[in-house]
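All values reported here derive from a predicted model rather than from experimental measurement. Heads up: numbering here begins at 1 and tracks the sequence. In what follows, every heavy atom counts, from backbone to side chain, and hydrogens, waters and symmetry copies are set aside.
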Amino acid sequence: MAMSLETPEKIRNLQRKLYRKAKAEPAFRFYVLYDKICREDMLRHAYALARANAGSPGVDDVSFAHIEAEGVERWLAGLREELVSKTYRPQPVRRVMIPKPRGGERPLGIPTIRDRVVQTAAKLVLEPVFEADFEDGAYGYRPRRSGADAIKEVHRLVCRGYTDVVDADLSKILRHDSAFGPPQIGGPAHCRPARAAADQAVAESADRGVGR
């Protein structure tokens, strides 16, 4: 089914308002965001984005083809009901091992499609607030920025005479509570989808055994 990937104007307006408010008032705390994640248009657009990325089914073995055969709107309505009633719980992430170009393997986590949609909807709502809090020199996992942009900036700074490099591993910080929202995100409910995703169990793929 054809679905537009262009951000709907209603969602874009919300993102602009969130960004401007967070940027203009760093001390402001957003307490009413969870309902935005549950919006029908938000979930519909999140599904379109997840659908465009395609990908394999998760542990529930539900594919996009299966969802579309049963009816996307019906499926989204069921997912929205779980979110609104706060009965939604993410399923374990299916882990598969994929070969590296130079030998060896690396793990790849595959969430279920329902979890991908919820995570994408949460990203659409929370990202503008995070963006307002980021330093201009941050490039990782930001819209319209990439590793290539970071390399270009490093090259520019080297050409200007900067020579010192600080190499730090920040991976452990992602397990800290502060990683689930800048100070502007108020209350635990708004970060529930992010916390739930981080706490998801892992199920190894069938051909590599099963583990949790």
Before you tell me yes or no, could you show the steps for Leu43 and Arg39 under side chain to side chain contact (heavy atoms under 4.5 Å, CB included), namely the whole-Å CA-CA distance, both residues' side-chain angles and the distance that decides it to 0.1 Å?
CA-CA 6 Å; Leu43 291 173; Arg39 277 174 25 176; over 6 Å; no

So does [Y] get a backbone contact from the side chain of [X], meaning a donor-acceptor N/O pair under 3.5 Å?
X	Y	value
Gln15	Leu124	yes
Tyr34	Leu83	yes
Asp115	Gln91	yes
Arg95	Pro107	no

Can you list the residues that meet the salt bridge (charged side-chain N to carboxylate O under 4.0 Å, His left out) rule with [X], with sequence neighbours excluded?
X	result
Lys36	none
Arg16	Glu9
Lys17	none
Arg145	Asp136

Is it true that Phe134 and Val125 fall in one hydrophobic cluster, defined by side-chain heavy atoms closer than 4.5 Å?
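Hydrophobic grouping puts Phe134 with Val125.
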
Treating Ile, Leu, Val, Met, Phe, Trp and Tyr as nodes and any side-chain heavy-atom pair under 4.5 angstrom as an edge, say whether Val72 and Val117 lie in one connected cluster.
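As far as the 4.5 Å side-chain criterion goes, Val117 and Val72 are connected within one cluster.
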
If the condition is side-chain hydrogen bond (donor to acceptor under 3.5 Å, both in side chains), which residues does [X] pass it with, not counting sequence neighbours?
X	value
Glu70	none
Glu82	Arg114
Glu6	none
Arg80	none

So how far is it from [X] [atom1] to [Y] [atom2], rounded to the nearest 0.5 Å?
X	Y	atom1	atom2	answer
Met42	Lys10	CE	NZ	9.0 Å
Leu76	Asp41	CG	CG	11.0 Å
Arg116	Leu49	CZ	CG	13.0 Å

Phe64: which residues meet the ring-ring contact (aromatic ring centres under 6.0 Å, His included) condition with it, sequence neighbours left out?
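Testing Phe64 for ring-ring contact (aromatic ring centres under 6.0 Å, His included), a comparison that skips the adjacent residues, returns Tyr47.
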
Heavy-atom closest pair, residues [X] and [Y]:
X	Y	result
Arg94	Ser56	NH2-CB, 3.4 Å
Thr7	Ile11	CG2-CG2, 3.8 Å
Pro128	Leu18	CB-CB, 4.1 Å
Pro57	Ile110	O-CG2, 3.6 Å

Does Lys21 make a cation-pi contact with Phe30 (under 6.0 Å, within 45 degrees of the axis)?
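Lys21 over Phe30 ring: no.
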
Which side chain to side chain donor-acceptor pair (under 3.5 Å) pairs, counting each pair once, include a residue from residues 147-158, with sequence neighbours left out?
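Qualifying pairs: Ser146-Asp149, Glu153-Arg156.
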
For Leu157, which fellow cluster members are found when Ile, Leu, Val, Met, Phe, Trp and Tyr are connected by side-chain heavy-atom distances below 4.5 angstrom, either directly or through intermediates?
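Noted: Leu157 shares its cluster with Tyr162.
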
May I ask you to list the residues sharing a hydrophobic cluster with Val154, side-chain cutoff 4.5 Å, ordered by chain and number?
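Members other than Val154 - counting any ILVMFWY side chain reachable under 4.5 Å - are Val158.
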
Taking side chain as C-beta onward, heavy atoms only, is Lys23 less than 4.5 Å from Glu131?
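Not in contact.
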
Flag the pair Glu81 / Thr87 as yes when at least one side-chain heavy-atom distance between them is below 4.5 Å, and no otherwise.
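They are not in contact (no side-chain heavy atoms under 4.5 Å apart), so the answer is no.
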
Apply side chain to side chain contact (heavy atoms under 4.5 Å, CB included) to residues Leu79 and Val118 and explain how you reach the verdict.
CA-CA 9 Å; Leu79 179 58; Val118 172; 3.8 Å; yes

